[in-house]
*Asks:* 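Here it is: the structure, laid out below.
These figures come from a predicted structure and were not determined experimentally.
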Amino acid sequence: MLSAQSLACRRGRRLLFRGLELRLSPGSIHCLRGPNGGGKTSLLRILAGLSRPAEGQVLWNDAPLDARSRAGIVYIGHANALKDDLSLGEALDFLGRLGGQGGDCEGALARLGLASRRQAPVRTLSQGQRRRGALARLALDEGGSAARCWLLDEPYEALDAASAAALSALIEAHAARGGAVLLASHQPLTLAGAREIDLQRWSALA
C-alpha cells in the first residue's frame, strides 16, 4: 500500500534519519516509537506527501506518491485542523470533503461520544473534545469502498479512557477491512496485531 525507500530527513542542518525502509501492507497496524525530536512527526509528514525527504522516495502501490494517490491517505497531526467559526458537524464535514471522504458525520461523531456536541461551535469545545472531533474523520471511512492508509501523530493525546478505547476499536476495525495504520505514540498500546517500528534504528543523531 504505502512504502518508503532509503528515506532521509533533514531539519535545518541536522540529519534526523537516513536509509529508512518501510512498508505498510493492507491490514497492518504499526506503532512508531522514538525519542522527542527524533523525527517521528517529520516522517509522518513525508509519508503523507506534506514534506519532501532529503533523500529517497515514498511509493503508493509501488508507484511514486502523487496528488492522486494522496487521496488514499488520511493524515491527522498534532493540530486538530477544526475551524473555530464552524459548528463541530460543519467542521468535520469540511475536513471530510477536503480529504475526499464521504460518510455520515453525525454517526462519526457519535462513535467518538460527540453526538450531543454536533451543533456546538468549535471554539466552545474542550481540548479533548476537539481531539475527538478531529479523530472522527477516521469513522467517516467506515462503510467506504476504499481501504485508506491512516497516518496518526499522537492520536491518543488528550483522550480519556473511554475515548481511547473507541479510537483503538476504530483502528482495529480499519485494519480488519484491509486498511493500514501507522501511528506515533509515547503511550503503551495494546492494539491487536500491532507491530512496533523503532525510528532510532535509522537515526542519524549521535
*Asks:* Rounded to the nearest 0.5 Å, how far does SG of C31 lie from NE2 of H186?
*Replies:* 12.5 Å
*Asks:* Given side chains that start at C-beta, do those of R131 and L112 come closer than 4.5 Å, heavy atoms only?
*Replies:* no
*Asks:* Check step by step if side-chain contact (heavy atoms from CB on, under 4.5 Å) holds for N80 and V122.
*Replies:* CA-CA 11 Å; N80 294 318; V122 169; over 6 Å; no
*Asks:* I need the Q129 CD to L109 CG distance, nearest 0.5 Å.
*Replies:* 11.0 Å
*Asks:* For H174 and R148, indicate whether the former's side chain and the latter's backbone hold a donor-acceptor pair under 3.5 Å.
*Replies:* yes
*Asks:* Side-chain contact, heavy-atom cut-off 4.5 Å: L22 with L47?
*Replies:* yes
*Asks:* Could you tell me which residues satisfy side chain to side chain donor-acceptor pair (under 3.5 Å) with E21, sequence neighbours excluded, listed by chain and number?
*Replies:* S6
*Asks:* List the atom of E172, the atom of T190, and the distance in Å for their closest heavy-atom pair.
*Replies:* OE2-O, 4.0 Å
*Asks:* Does R111 reach the main-chain N or O of A136 with its side chain, forming a donor-acceptor pair under 3.5 Å?
*Replies:* no
*Asks:* What pair of heavy atoms forms the shortest contact from I171 to W150, and how long is it?
*Replies:* CA-CZ3, 4.0 Å
*Asks:* Would you name the heavy atoms of S42 and R11 that are closest together and state the gap between them?
*Replies:* OG-NH2, 3.1 Å
*Asks:* How long is the gap from CG on L183 to NE2 on H30, to the nearest 0.5 Å?
*Replies:* 10.5 Å
*Asks:* Nearest 0.5 Å, what's the CD-CG distance between E154 and L32?
*Replies:* 9.5 Å
*Asks:* Would you mind reporting whether Y75 and R45 have side-chain heavy atoms less than 4.5 Å apart?
*Replies:* yes
*Asks:* Going from CZ on R117 to OG on S126, what distance comes out if it is rounded to the nearest 0.5 angstrom?
*Replies:* 8.0 Å
*Asks:* Is the backbone of P35 close enough, under 3.5 Å, to the side chain of K40 for a donor and an acceptor to pair up by distance?
*Replies:* yes
*Asks:* Please check if atom CZ in R33 has more than 12 non-hydrogen atoms from other residues, nucleotides or ligands closer than 6.0 Å.
*Replies:* yes
*Asks:* For the side chain of S87 and the backbone of E90, is there at least one donor-acceptor N/O pair under 3.5 Å apart?
*Replies:* yes
*Asks:* Measuring only between side-chain heavy atoms, which start at C-beta, is L151 closer than 4.5 Å to L24?
*Replies:* yes
*Asks:* What's the shortest heavy-atom distance between L7 and P53, and which atoms?
*Replies:* CD2-CB, 3.7 Å
*Asks:* Rounded at 0.5 Å granularity, tell me how far CD in Q119 sits from CG in L88.
*Replies:* 9.5 Å
*Asks:* Is there a side-chain contact (heavy atoms from CB on, under 4.5 Å) between E196 and L189 once you walk through the steps?
*Replies:* CA-CA 10 Å; E196 288 200 359; L189 304 175; over 6 Å; no
*Asks:* Do D93 and R118 meet the salt-bridge criterion of a basic N to acidic O distance under 4.0 Å?
*Replies:* no
*Asks:* Any side-chain heavy-atom pair from L16 and R14 closer than 4.5 angstrom?
*Replies:* yes
*Asks:* For D160, what residues pass the side chain to side chain donor-acceptor pair (under 3.5 Å) criterion, not counting sequence neighbours?
*Replies:* S163
*Asks:* Do L125 and R132 come close enough that some side-chain heavy atom pair is under 4.5 Å?
*Replies:* no
*Asks:* Following the transitive rule for hydrophobic clusters with a side-chain heavy-atom cut-off under 4.5 Å over Ile, Leu, Val, Met, Phe, Trp and Tyr, establish whether M1 and L59 coincide in one cluster.
*Replies:* no
*Asks:* Could you go step by step and tell me if E157 and H78 meet the side-chain contact (heavy atoms from CB on, under 4.5 Å) rule?
*Replies:* CA-CA 9 Å; E157 194 173 67; H78 286 288; 4.0 Å; yes
*Asks:* Using the side chain to side chain contact (heavy atoms under 4.5 Å, CB included) rule, pick out the option among D104, L92, V74 that qualifies with L140.
*Replies:* L92
*Asks:* Considering non-hydrogen atoms only, spot the tightest contact between S185 and Q187 and give its length.
*Replies:* OG-N, 3.0 Å
*Asks:* Go through the structure and list residues passing side chain to side chain donor-acceptor pair (under 3.5 Å) with S168, not counting sequence neighbours.
*Replies:* Y156
*Asks:* Is the shortest heavy-atom distance from the side chain of L135 to the side chain of L170 under 4.5 Å?
*Replies:* no
*Asks:* W60 and C149: which non-hydrogen atoms are nearest, and at how many Å?
*Replies:* CZ3-CB, 3.9 Å
*Asks:* Taking C-beta and beyond as the side chain, do C9 and L43 meet within less than 4.5 Å on heavy atoms?
*Replies:* no
*Asks:* Are the side chain of E55 and the backbone N or O of A8 linked by a donor-acceptor pair below 3.5 Å?
*Replies:* no
*Asks:* Starting from I197, can I reach L44 by hopping between I/L/V/M/F/W/Y residues whose side chains sit under 4.5 Å apart?
*Replies:* yes
*Asks:* Taking it one step at a time, do L2 and L182 satisfy side-chain contact (heavy atoms from CB on, under 4.5 Å)?
*Replies:* CA-CA 10 Å; L2 185 68; L182 175 64; over 6 Å; no
